[in-house]
Amino acid sequence: MIEITNLAKRYKNATAVSSVSLVAQDGMVTGLLGPNGAGKTTTLRAISGLLKPDAGGVRVDGLDVSIDPSGVRRRLGVLPETVGLYDHLTVCEHLMYAGELNGLAAESLNRRVQVMLDRFALSPLSSRRASTLSLGQKRRVAMARILVHEPANVVLDEPTSGLDVLSAREVRREVRRLADSGRAVLFSSHVMPEVSAVCDRVVVMSRGLVVAEGTPGEIMASAGGGSLEDAFVKLIGSDEGLN
Amino acid sequence: MWNQTFAILRKESREIWRDRRSLGSGLFYGIWGPLVMALALTALARDRGSDAPLDLAVSGANQAPSLMAFLSERQVANVQAPSDSIAEVRARRLPVALVISNDYGADFRRARPATVTLVYDGSWTQSRSKAERVKSLLGEYARRVNDTRLILRGVSPTAITALEVAERDLATPAGRAATVLALLPIFVLLAAFIGGMSVAADLTAGERERGSLESLLLNPASRLTIVLGKWAAASVVGLATVALTIGVSHAMLRHPRVQAIDLPVGLSGADALQMALVLAPLTLFASALQILIGLLAKTYKEAQTQLSLLTFLPMLPGFLFAFGSLQPAEWMLWVPMVGQHVAMSDIVRGEILSGGRSMAMAASSLLGTAAFVAMATGLLGRESTLRRFGG
């Protein structure tokens with residue numbers, strides 16, 4: 001479970017997040033929805049402790065990230081915006097490296113890497129170098145990499161951006177599977193149909209604030225009907241930054 | 001923590017090995033540097049100095065048979081001069097030529113000053129040194145003739161010799177080789193900085209620029225673990241470069257053609273080992289500094305620029321010593337690079353360093369290393385390090 005309370009983060013000349021509180025429950029997919037610049041990435045980075053908030057705090061499974069960042073990271077699998085694979089390492093080596101950094105012992109490491117290769121259909125690509133992979137394949141490696149250590153909480157920053165329809169659908173299926181296996185999944189997006197199809201709960205952000213929260217159905221109703229997209233535009237006050 | 005450090009070291013080494021580019025500069029330096037020095041040394045071996053035979057182009061030789069006989073006694077062979085010696089020397093096809101005037105024979109017989117013209121190019125080293133030698137031989141011949149003429153007239157030659165200037169030029173090929181070998185300390189010292197340089201830039205600013213730093217920091221591995229792993233990887237490459245440079249230098253100085261110069265200094269196996277032991281802690285120091293600079297740089301390009309500027313740092317003590325503004329002193333032991341520079345020069349001269357001295361140098365370098373690692377760890381923990389790129 002991921003709990004964010006009254007998070008605020010200011011950069012030198014701009015406020016990225018004014019005050020954000022949200023909870024990502026175990027076994028649920030929580031969508032973080034908002035236009036570009038709403039503060040989604042800042043919020044997600046604060047969860048892993050990469051950014052230190054000016055106010056408020058983050059707890060993951062009850063651990064405070066400002067006190068025990070390593071403990072929190074062990075319970076987290078975070079997919080950042082940039083895939084960031086190493087061109088000269090093979091697919092298998094990426095997974096091994098991630099496992100080693102997470103402190104997996106040799107025997108469970110090999111087993112977990114094999115499970116991940118199978119689950120993300122990467123076995124045939126296992127000894128290919130990352131530089132030779134397509135974007136969709138790279139995203140699958142990145143997903144597999146953050147799940148090697150079986151984290152109880154998963155944070156995904158725009159995991160489908162730039163992917164073709166089939167690859168994006170594959171990612172959404174995986175997101176669903178993660179929640180169904182009891183994990184807390186928090187993922188950000190600005191693609192409406194995706195959010196309404198996958199998420200159990202949606203948190204809508206705009207200009208550093210949470211402007212709405214609930215199931216996709218509740219949000220559509222509260223904004224006065226229509227599609228989620230219409231509701232979204234109504235909630236944030238304009239369609240600026242949507243695409 | 002150590003398992004994770006080793007995991008990072010293993011992964012970085014694998015990448016460095018596969019990329020090759022950053023590895024290349026160190027290898028290039030370690031092999032080509034000593035080879036260039038070997039070439040300079042063998043060139044010196046060929047130039048055997050004052051007793052080597054010299055071909056001198058002489059025009060009008062038949063005017064001065066006794067001078068010619070004298071010169072050939074002194075290993076200077078008289079070869080037929082080209083028709084226009086001045087043009088030949090000007091075009092640098094001929095280093096030196098002697099033109100004997102048409103009146104030489106007549107003047108000489110009447111004991112009047114006989115004219116010979118020495119044609120050379122003072123801005124051309126080879127020409128100047130040969131002319132120097134011919135000039136001194138001509139002087140010697142003139143003195144001899146003077147002496148004979150004075151004796152014939154009943155005057156003792158010593159009466160007109162108020163001063164006897166004895167010259168002893170101690171420059172031997174080995175002595176000149178020593179000036180080349182004086183570069184060796186600077187040279188091996190630089191290896192400690194050059195080897196890990198591009199690797200350090202790759203592991204820090206390069207990792208950030210490729211967008212993989214965020215993923216790395218999202219792992220539970222501590223910041224110190226990450227810095228240590230990267231520093232170790234850069235150090236391995238640095239140490240390999242140092243070993244290679246010393247090894248090739250050692251082999252080069254053992255080569256028969258270099259040995260033929262009869263060098264006053266050498267680099268025995270024990271000397272080479274001593275050098276490596278002195279330079280190892282300095283290499284760790286250099287890598288830690290390079291990792292720190294790489295993390296501070298805004299871009300990969302900036303990191304590369306700053307790291308290449310950093311290589312001037314170890315050259316600095318060498319320059320200061322060369323220009324005489326610095327004399328070896330006790331305190332230098334405690335200054336990384338300066339202490340090692342003095343030590344390298346002593347080793348080249350065949351000195352054996354005391355244990356205490358080596359320990360002092362290692363201690364100061366390792367202290368600096370720890371400070372840089374700590375600073376780099378602090379920097380990696382700061383969110384600005386991540387934000388500086390792709391915020």
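In what follows, chains carry the letters A, B, and so on, assigned in the order in which the sequence lines appear, proteins first and then strands, with residues in each chain numbered from 1.
Here the closest non-hydrogen pair linking A/Lys52 and B/Gly381 is NZ-O, 3.3 Å.
For A/Thr90, the parts lying near chain B are the backbone and the side chain together; criterion is any non-hydrogen pair under 4.5 Å. Within the 4.5 angstrom heavy-atom criterion, no atom of A/Arg75 approaches chain B. Heavy-atom distances place both the backbone and the side chain of A/Tyr86 under 4.5 Å from chain B. For chain A, no part of B/Arg20 is nearby; none of its heavy atoms comes within less than 4.5 Å. Neither the backbone nor the side chain of A/Val72 comes within contact range of chain B; no heavy atom of the residue lies under 4.5 Å from a heavy atom of that chain. For B/Arg18, the parts lying under 4.5 angstrom from a heavy atom of chain A are both the backbone and the side chain.
Atom OG1 of A/Thr82 is separated from atom CG of B/Leu213 by 9.5 Å, given to the nearest 0.5 angstrom. Note that the CD1 atom of A/Ile146 and the OG atom of B/Ser215 stand 9.0 Å from one another [nearest 0.5 Å]. In this structure, the separation between CG on A/Leu101 and CG on B/Asn3 is 11.0 Å, given to the nearest 0.5 Å. Rounding to the nearest 0.5 angstrom, the gap separating the CD atom in B/Glu15 from the CG atom in A/Leu89 is 4.5 Å. Going from atom CG of A/Asp87 over to atom CZ of B/Arg210 covers 7.5 Å, rounded to the nearest 0.5 Å. With values rounded to the nearest 0.5 angstrom, B/Glu214 atom CD is found 8.5 Å from A/Thr41 atom OG1.
Here A/Pro80 is the residue among A/Pro80, A/Ser48, A/Pro69 with the most heavy-atom pairs under 4.5 Å with chain B.
Around atom CZ of A/Arg10, no more than 12 heavy atoms belonging to other residues, nucleotides or ligands sit under 6.0 Å away. Other residues, nucleotides and ligands place more than 12 heavy atoms under 6.0 Å from the CE atom of B/Met315.
A salt bridge does not link A/Glu100 to B/Lys11: none of the charged side-chain nitrogens sits closer than 4.0 Å to a carboxylate oxygen.
In this structure the side chain of B/Asn219 never reaches within 4.5 angstrom of the side chain of A/Arg73, judged on heavy atoms. Inter-residue side-chain proximity for B/Pro220 and A/His149 is flagged as unmet; no heavy-atom pair is nearer than 4.5 Å.
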